[in-house]
Every structure is written in C-alpha cells, then in structure tokens.
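Lettering follows sequence order; numbering is per chain, from 1. The shown structure was predicted, so the numbers you read here are calculated from the model rather than taken from an experiment.
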Number of protein chains: 2
Amino acid sequence: MKIQNSKNKNSIIIGPAVAVDTLIFTIRDGKLMVLLIEIGSGPYKDKWALPGGIVQLNETLDEAAKNVLKKKAGIKDIYMEQLYTFSDLKRDVRGRMISVAYFALVNSDEFNLKTMDYYSDIEWINVRKLPKMAFDHKEIINYGLDRLKSKIEYSNIVYGLLPETFTLTEMQNVYEIILGEKIDKRNFRKKILALGLLTETKKVKTGAKHRPAKLYKFKKRELVFTK
Amino acid sequence: MKIQNSKNKNSIIIGPAVAVDTLIFTIRDGKLMVLLIEIGSGPYKDKWALPGGIVQLNETLDEAAKNVLKKKAGIKDIYMEQLYTFSDLKRDVRGRMISVAYFALVNSDEFNLKTMDYYSDIEWINVRKLPKMAFDHKEIINYGLDRLKSKIEYSNIVYGLLPETFTLTEMQNVYEIILGEKIDKRNFRKKILALGLLTETKKVKTGAKHRPAKLYKFKKRELVFTK
DNA sequence: GCAAAAGTGTTGAGTGTACACCCATGC
DNA sequence: GCATGGGTGTACACTCAACACTTTTGC
C-alpha cells in the first residue's frame, strides 16, 4: 500500500477533495420530484445543483450525507443509501473534486416546503423536467432514477415515499409514477398483499365522493428484499 | 455549495485522502479466489490486503483502479466496475483514508501466477478461507462477494471468469462455485441457451476419457442484463 | 340516481423445477 | 466392456398477465 508514512493523523495529503451530494426524491402533485438548490454565484451561477457539502476529516460519508440533509433541507430519519462515486476530472471546473452521491427518499406529507422556507433558492423540481444543471448532477440524477426504478421492483423501499398509513391505490400510484407505466389494479394488489409486508389498519380513508379505501401500513419501515 | 473558492485548480484542500482498492476474483482449482498482497511493514505487517493505491490528482477513479491492476498484478482489459466507497474513520490507523473499492473478474487461463512473479508477496487466496486481513478489507471482500452472487443471476458477467471458449459444464461449475450450491444440469443448459448469449463453436473439448463436450463462446464479451 | 374510485376471481400462457436414461470416448 | 462425464425431454407446480363487474360513498 502506497500510503505515505505519517505520525500526524490529520496530515495533509495532496489529492482530490471529497464531497457528498444528496439526491432526495419525493412524490408531490403526482410527480416524482427531486430537491435542488439554485446556485447564486460563481461559474455555475443560475444553474441548479443537488444539496451537497465537503466531507470533513471527522465524519464518515454516511454522516456527511446526513448532515447535508439536516442542514440544507431540515430532513432527518429518512431512508438513505450510498449511490455511486463520481470522479470525472472536469466535473467541477473550480478544482479536482470527487463526489460520493447519496440517494434518499422522503414522503411529502411529513416534509413540506415550509420546513425549508429559510432557503429561498431550494425547490422540489420534477425529475422529468430538469432545469440547467451544474456539475455532472444531471448524470447523478439519472443514475439515481435507474436505481430507484429497479429497487422498487425487488425491495420495499417505496415505504420511504409513503406516509405512515396509505391506501393501496396511493401505493400503486407511486409505482406508476416511478416506472412511468400503468399497472393492473387487481394484479398489483394480489402481488403486494402476498408479500406479507403490510398490515391492514382498522381505519379507512373517507371524505372522497366514493367508497372509502382501507388504510394499510408497513409492518417494518426498514429495507427488506422481496426477491 | 460549500466548495471553497480557488483560482488554483490543484489547490490543497484539507480533507480525507482517497484510495482505490481492487477486488479481483478468479476461479482456480475449483475455488473462488481473490488476489491479495501480504504487507511487509508498518502497523499492518503480516496481514493481507487488496491491491490498492492512492488516487492522483490527474486520474479518475476508474483510471486509478486500472493503474493498480496493471502495476500491481500485470492485468489489463478485464471486466471491472465500481463497488462501493468505504469511509469508517478508523479503517486505516495511519490516518483518515476513504477507499473506493473496485470489483474485477479475470479468468485464470489468460492470467496465471507467472505473470506476477515479481511480487513475492502477492497470491490468489481462497475467498472462503481468508487470512488475517488489514484495514476493513474483509468487509470489502464480503460486500464484493454478495455483488458477484447476485449479479451472475441477472447478467452475463460470468464471461469475465471464463476463457474465450468453454463447455457448458465448465460454465455450470463456475455458477456452482460462486453460489455454493448444486444446479440441475438440464435446467441450467436450457436456461442458459435460451438466453441466446452464447454461440456454439465447431470445436469440441477432447482428451478426457468420456464423450467430448461442445465448446461455446459468448457472442459479446461485454455486460448484458438478462432480466 | 349517478359519478367515481374501491374492491374482488378466473383463465391461459409461460416459466421454473424435479427427475432418469442413453451417448461417445479413453483405457 | 466399463467407467466417466456429455447430452437430452417431459410432467407438474407456480407465477404472471389479461380482463369486467359489483360495492360504497358524496353530492
């Protein structure tokens, strides 16, 4: 291993700097949205970027990503996983920067725009209609979208996008929005219920001018693979 | 974005150093092996580690990983992909070091021990019987093993472990070694041939004291998903 | 009573799994 | 001629996809 000898644990090594960028998805108004910040100055002025920050010496990547979510968007206790590490030499024109991308899911009921009014330049943006993006963040978003599409097919991560209780139709809508295609209602319900990940609550969702729908909840709100 | 302003593209930023570590699998003697280096000095003396190196300012992570393969093991033009980025604060006692792990497959026909006689301390080690490992490299290997197990089920990456031409039994053996379980011969052949990724060559493998086996080859030696 | 979404079963096609015997060769 | 691995087919279970009508509510 070609690691330079050093008695100082915080020694400076001349190499690429490391950032985390967080890709936060939610469903709003029947669309898949991603949280973006508009850049106010510098070479990327007026372009949009994922919330991110430099990784400090005393934090792991997971911690750095959590700190970004908390500081920039007031979000905590959500589903998050590492996505991929991007390292093109020219991905940031200001200098050599490696970015470890994280992928997170929130549900828009618990987390709404008011939580982050402090940031005038942070917004949910439709992932299918992205504005001009800074760095390689468009690529990161597309990579994350692929991960999301495949992972909802073989795991229960969709819980991250749903509130505590929800109807099967609401759940089906989330699948349709992400996959971009209609799903047969009877087959969807049969399959989801057969997985045994949900429990019926005693409640129903009333108020709409049609038959009330049963409300379900996940037995466990943690990642489970289903295949 | 909290990236510090700088007019010098190679400015020094005080943050974690970045290394790549490469996890190179092959099949030898009917076992799944991984390429390891025995460390000769320092706090990890006599422990084993994945081949790795510090990421330079002028190389991407993919390039850094390729350079490690070439310099440390004389390997090039093989299947390789990024695995995961590890960042525990104490993963290297000598200082803060983030490691981007890469995952590679070679077939032991084209690449044998003689290629790397220069390194007396580099060896193929049975992945199920690992020696004392340095850093968090045992964790990295287990993570890579999981990736390998799942990816051979939904892609053609097994080509990376096979020579140019091979028999279906040889291919089945690779699956059995990786998955650690017996597979039914007829079902395996039916399924693999139905994927349409292989072409029959006109040749057979003779010399054994039984009926000669047809030799097959992959139509394309590049990653294809099969599900 | 009517509009609107909730809820529910069956059938046919295709896929996956279990299982046993003959074939070609070397010695 | 016999030991060794190569090569093949069928039947059953299961999963997936297609498809239409009745129920409960709000207005």
Please enumerate all residues that pass side-chain hydrogen bond (donor to acceptor under 3.5 Å, both in side chains) together with [X], with sequence neighbours excluded.
{"X": "B:Ser99", "result": "B:Asp21"}
{"X": "A:Lys190", "result": "A:Asn187"}
{"X": "A:Asn156", "result": "none"}
{"X": "A:Glu170", "result": "A:Lys205"}

Parallel, tilted or perpendicular, as decided by the 30° and 60° cut-offs, for the rings of A:Phe225 and A:Tyr154: parallel
Any pair counted as ring-ring contact (aromatic ring centres under 6.0 Å, His included), so long as it reaches residues 184-209 of chain B, sequence neighbours left out: B:Tyr175-B:Phe188
Where at least one partner belongs to residues 19-39 of chain B, residue pairs that pass ring-ring contact (aromatic ring centres under 6.0 Å, His included), sequence neighbours excluded: B:Phe25-B:Phe103
Nucleotides bounding contact with chain B, strand DNA chain C, heavy-atom threshold 4.0 Å: C:dT17 to C:dG26
Residue pairs involving residues 135-158 of chain A (criterion salt bridge (Lys or Arg N to Asp or Glu O under 4.0 Å); sequence neighbours excluded): A:Glu81-A:Arg147, A:Glu81-A:Lys151, A:Arg91-A:Asp136
Sorted by number, the residues of residues 169-180 of chain A with heavy-atom contact under 4.0 Å to DNA chain C: A:Thr169
DNA chain C-proximal residues of residues 203-218 of chain A, any heavy atom under 4.0 Å: A:Lys209, A:His210, A:Arg211, A:Pro212, A:Ala213, A:Lys214
Euclidean distance, atom NZ of residue A:Lys182 to atom C1' of D:dC19 [Å, nearest integer]: 16 Å
Listed partners of B:Lys214 passing salt bridge (charged side-chain N to carboxylate O under 4.0 Å, His left out), at least two apart: B:Glu200
Would you tabulate the pairs of protein nitrogen or oxygen atoms and nucleotide nitrogen or oxygen atoms of nucleotides 15-18 of chain D closer than 3.5 angstrom?
residue	atom	partner	partner atom	Å
D:dA17	N6	A:Lys190	NZ	3.4
D:dA18	N7	A:Asn187	ND2	3.0
D:dA18	N6	A:Asn187	OD1	3.1

Donor on one side chain, acceptor on other, B:Thr169 and B:Arg189, under 3.5 Å: yes
Pair A:Thr60, B:Ser87: side-chain N/O donor-acceptor within cut-off below 3.5 Å: no
Criterion ring-ring contact (aromatic ring centres under 6.0 Å, His included) on A:Tyr84 and A:Tyr102, from CA distance to verdict: CA-CA 7 Å; A:Tyr84 195 80; A:Tyr102 274 76; over 10 Å; no
